[in-house]
There are 2 protein chains.
Amino acid sequence: MSRNEDRVFNALADGSRRKLLDKLCAKNGQTLGELCAHMKMTRQAVSKHLALLEGARLVVTHWQGREKLHYLNPVPIHEIQARWIAKYELSRLQALDELKTELERKKR
Amino acid sequence: MSRNEDRVFNALADGSRRKLLDKLCAKNGQTLGELCAHMKMTRQAVSKHLALLEGARLVVTHWQGREKLHYLNPVPIHEIQARWIAKYELSRLQALDELKTELERKKR
DNA sequence: CCATTATGCAACCTTATGGTTGCATGTCAA
DNA sequence: TTGACATGCAACCATAAGGTTGCATAATGG
């Protein structure tokens, strides 16, 4: 179960991969070739990154002739957000609240 | 600027470090010794992980005598959520919307 | 003061990771 | 059919990452 969360966090850990997600966010359904533009590495390296993103289901693909089209899948990120980040958001709000109470107390 | 985002994503990439954050979420202000409980590695390894978390400002510390107390800092996670995840949340809702429209279209 | 406890620092090892090069495969278009 | 194009596969390399062991330092409590 948590194996997939692992893969997602891992995939997001690399800047180049986040950049690729950004590219897909800007324009969905790009080919490997397109995605290689402005990436300072070989096509093979980009391909490996995309494979990792696909493994984490952050990217889904489908073949069209000899081209492989890449699409963003926002679901895993949403899951991370829902079952992981929300928890810390809570403690953040609590911390803010504590701070506010503290300030109130000092005011008197 | 993005250097810090990098550090945060990197820190979150490791399961042991996420576990440490969870522990702090459950009980804030723990010592290194306490945090070592149930971690299947040496104290030094845990210490390194905490140093990384501290480097990403996900954890802040303060010394009390010979003990180092560790506290969760939810701010970096919130920043990631705000300026990174929110964007993908948008495309997720769009995707859902497109799907809905598609279904509506087919119904007629 | 001294033994104990809590932590840090540094060297070292193994494996994972990100990258490269070279070649193979499959599809398109002339 | 053939050459060019889009991609995949595999071997290889350098460095980073996660872990260990051993020793140093500093506070605590009897």
Side-chain angles (χ1 to χ4, degrees), chain A residues 2-24 27-72 76, chain B residues 2-24 27-72 76:
Chain A
S2 186
R3 201 91 267 128
N4 206 62
E5 178 176 296
D6 238 64
R7 270 194 284 262
V8 175
F9 272 116
N10 236 303
L12 293 177
D14 185 273
S16 306
R17 287 193 287 269
R18 291 200 301 278
K19 190 173 174 182
L20 288 170
L21 289 182
D22 274 342
K23 284 182 171 231
L24 286 181
K27 183 187 170 204
N28 218 353
Q30 295 187 67
T31 66
L32 169 59
E34 284 180 276
L35 288 168
C36 280
H38 307 298
M39 299 294 293
K40 288 165 187 169
M41 62 188 74
T42 59
R43 174 180 56 83
Q44 285 81 353
V46 174
S47 178
K48 277 197 196 176
H49 283 304
L50 288 171
L52 250 165
L53 289 170
E54 211 177 333
R57 304 203 159 282
L58 284 161
V59 162
V60 293
T61 60
H62 110 260
W63 281 91
Q64 191 161 53
R66 63 181 165 181
E67 293 184 331
K68 189 180 192 180
L69 304 180
H70 298 76
Y71 298 88
L72 196 71
Chain B
S2 185
R3 201 94 266 124
N4 206 63
E5 178 175 297
D6 238 65
R7 269 193 286 264
V8 176
F9 272 116
N10 236 302
L12 292 177
D14 185 273
S16 306
R17 288 194 287 270
R18 291 200 302 278
K19 189 173 174 181
L20 287 169
L21 288 182
D22 273 341
K23 282 181 172 233
L24 286 181
K27 184 188 168 200
N28 217 354
Q30 295 186 67
T31 66
L32 170 59
E34 284 180 277
L35 288 167
C36 280
H38 308 298
M39 299 295 291
K40 285 164 187 170
M41 61 188 75
T42 59
R43 174 181 56 82
Q44 283 82 351
V46 174
S47 178
K48 277 197 197 175
H49 283 304
L50 288 171
L52 252 165
L53 290 170
E54 211 176 332
R57 303 205 160 281
L58 284 161
V59 162
V60 293
T61 59
H62 109 260
W63 282 91
Q64 191 162 52
R66 65 180 165 181
E67 291 184 332
K68 189 179 192 179
L69 303 181
H70 297 76
Y71 298 87
L72 195 72

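Note: hydrogens, waters and symmetry copies are ignored here, and every other heavy atom, side chains too, is used. Each chain gets a letter, A, B and so on, in the order the sequences are listed, and its residues count up from 1.
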With hydrogens left out and only the distance checked, is there a donor-acceptor pair under 3.5 Å joining [X]'s side chain and the base of [N]?
X	N	result
Lys68(A)	dG8(D)	no
Arg66(B)	dA6(C)	no
Gln44(A)	dG18(C)	no
Arg43(B)	dG19(D)	no

Return the value, rounded to whole Å, for the distance between atom [atom1] of [X] and atom [atom2] of [N].
X	N	atom1	atom2	answer
Gln30(A)	dA6(D)	CD	P	14 Å
Leu20(B)	dG19(D)	CG	P	10 Å
Glu67(A)	dC5(D)	CD	C1'	10 Å
Phe9(B)	dA16(D)	CZ	P	22 Å
Leu32(A)	dG8(D)	CG	C1'	10 Å
Lys40(B)	dG19(D)	NZ	P	13 Å
Arg7(B)	dA17(D)	CZ	C1'	17 Å
Leu35(A)	dT7(D)	CG	C1'	13 Å

Open item on the list: Checking contacts here: which listed nucleotide (dG18(D), dT7(C), dG8(D)) is nearest the side-chain heavy atoms of Leu52(B)?
Closed with: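 The answer is dG18(D).
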Task: Residue Asp14(A), side-chain atoms from C-beta onward, closest of dG18(C), dG8(D), dT7(C) - done: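 For the Asp14(A) side chain, the nearest candidate turns out to be dG18(C).
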Nearest 0.5 Å, what's the [atom1]-[atom2] distance between [X] and [Y]?
X	Y	atom1	atom2	value
Thr31(B)	Glu34(B)	OG1	CD	4.0 Å
Leu72(B)	Leu20(B)	CG	CG	11.0 Å
Leu32(B)	Glu67(B)	CG	CD	10.5 Å

I want to check one thing: is the phosphate of [N], taken as OP1 and OP2, less than 4.0 Å away from some side-chain N or O of [X]?
X	N	value
His49(B)	dG19(D)	yes
Thr42(A)	dT20(C)	yes
Ser47(B)	dG8(C)	yes

TODO: Could you check Asn10(A) against Gly65(A) and say which one's nearest nucleotide on DNA chain C is further toward the 5' end?
DONE: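 First, find each residue's nearest nucleotide; the 5'-ward one identifies Asn10(A).
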Task: Residue whose nearest DNA chain C nucleotide is more 5′ - Met41(A) or Lys48(B) - done: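 Final value for this comparison: Lys48(B).
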Task: Glu54(B) and Lys68(B) ion-paired at < 4.0 Å - done: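 Yes, charged N to carboxylate O under 4.0 Å.
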Task: Asp6(A)/Arg18(B) ion pair, N-O < 4.0 Å - done: yes
